[in-house]
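Data block below; observations after.
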Amino acid sequence: PKGQLHHRICKCIFAESSAWQALAKRSMAAMPALIGADGRVCVDVPSLERLIRAEDPKSARCQDALFILGYYHQRGSQGLAKDDARACDYWRRAEGHARASYCLGNAHAYGVGVDQDDARAASYYEVAAAAGVPEAQSNLGLFYAQGRGVAKNPEAAATSALFREI
């Protein structure tokens, strides 16, 4: 059962919330500039798709573009239909991308676009937390505190960003 603290802190990114909007803005600002061959910033869908086809799939630019396209599908923005499963596909393709891992953790934690799976959610949160995503650190701490998808571990929970700030 989800406690009130868990519900408040571990909000699903798929809900309309000012916290998600702030996270999205920080995510976009923290990424390397997605500059196309013509020198323009690539944030429109056709430019991002071209960049993905032209770049090494493991490059930071390609992974950022995959993350953004996943975000667009999740939100149903930029002329794309809202499609949580497709968003998760893009985020999976951005393997190792910190924010994409955080989004996949939330997707698995709540069963949005994918099957609900706490163990997978915890593993994605671990990737994002190790890369310094504070929301993932908090969510992972809650998972350890509750024994959700991982063995209950108060020591690991106490080292999360959430519990250090309280």
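Just so it is clear, the model here is predicted, and its values are computed rather than measured.
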Inset, instruction - Could you walk me through whether Leu142 and Arg148 pass the side chain to side chain contact (heavy atoms under 4.5 Å, CB included) test, one step at a time? - result: CA-CA 8 Å; Leu142 288 167; Arg148 208 177 145 194; over 6 Å; no
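- Residues Cys88 and Leu104 have side chains in contact (heavy-atom distance under 4.5 Å, counting atoms from C-beta outward).
- No side-chain heavy atom of Tyr125 sits less than 4.5 Å from a side-chain heavy atom of Gln137.
- Remark: Glu95 CD is loosely packed, at most 12 non-hydrogen atoms of other residues, nucleotides or ligands lying under 6.0 Å away.
- In this structure, the separation between NE2 on His97 and SG on Cys103 is 9.0 Å, given to the nearest 0.5 Å.
- Side-chain atoms of Gln78 do not come within 3.5 Å of backbone N or O of Val45 as any donor-acceptor pair.
- One distance of note links CG of Asp84 with NE2 of His73; it measures 11.0 Å at 0.5 Å rounding.
- With a 4.5 Å cut-off on side-chain heavy atoms, Arg75 and Lys82 do not count as touching.
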Inset, instruction - Please assess Phe67 against Tyr90 for the test ring-ring contact (aromatic ring centres under 6.0 Å, His included), listing each intermediate value before the final yes or no. - result: CA-CA 6 Å; Phe67 169 75; Tyr90 276 107; over 10 Å; no
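- Checking Ser47 against Arg50 by side-chain atom types alone, a donor-acceptor pair falls below 3.5 Å.
- The CD atom of Glu55 lies 10.5 Å from the CG atom of Asp64; values are rounded to the nearest 0.5 Å.
- Val112 and Val114 fall into different hydrophobic clusters, defined by Ile, Leu, Val, Met, Phe, Trp and Tyr side-chain heavy atoms under 4.5 Å apart, directly or through other members.
- Residues Gly70 and Ala87 approach most closely at O-CB, 3.1 Å, considering heavy atoms.
- When every heavy atom of Ala129 is checked against every heavy atom of Ala136, the shortest pair comes out as N-CB, 3.6 Å.
- Side-chain contact annotation: Asn153 with Tyr144, donor-acceptor N/O pair under 3.5 Å absent.
- Scanning all heavy atoms of the two residues, the minimum distance from Ala128 to Ala98 falls at CB-O, 3.3 Å.
- Note that CD1 of Ile52 and CD of Gln63 are 10.5 Å apart. Values are rounded to the nearest 0.5 Å.
- For the pair Gln116 (side chain) and Ala109 (backbone), a donor-acceptor distance under 3.5 Å is present.
- Counting non-hydrogen atoms of other residues, nucleotides and ligands closer than 6.0 Å to CG of Asp56 gives a total above 12.
- Under the 4.5 Å side-chain criterion, counting only non-hydrogen atoms from C-beta, Leu66 is not in contact with Trp91.
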Inset, instruction - Before giving the answer on side chain to side chain donor-acceptor pair (under 3.5 Å), spell out for Tyr102 and Asn106 the whole-Å C-alpha distance, their side-chain angles and the decisive distance to 0.1 Å. - result: CA-CA 6 Å; Tyr102 170 68; Asn106 282 336; 3.3 Å; yes
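- His108 places a side-chain heavy atom less than 4.5 Å from the side chain of Tyr124.
- With rounding to the nearest 0.5 Å, the separation of CG in Asp83 from CG in Asp89 is 8.0 Å.
- Here the OG atom belonging to Ser59 is positioned 7.0 Å from the CG atom belonging to Leu51, to the nearest 0.5 angstrom.
- Enclosure of atom CZ in Arg120 is not indicated, since only 12 or fewer non-hydrogen atoms of other residues, nucleotides or ligands lie within 6.0 angstrom.
- For the pair Val133/Arg99, a side-chain contact is recorded, criterion being any heavy-atom separation below 4.5 Å from C-beta on.
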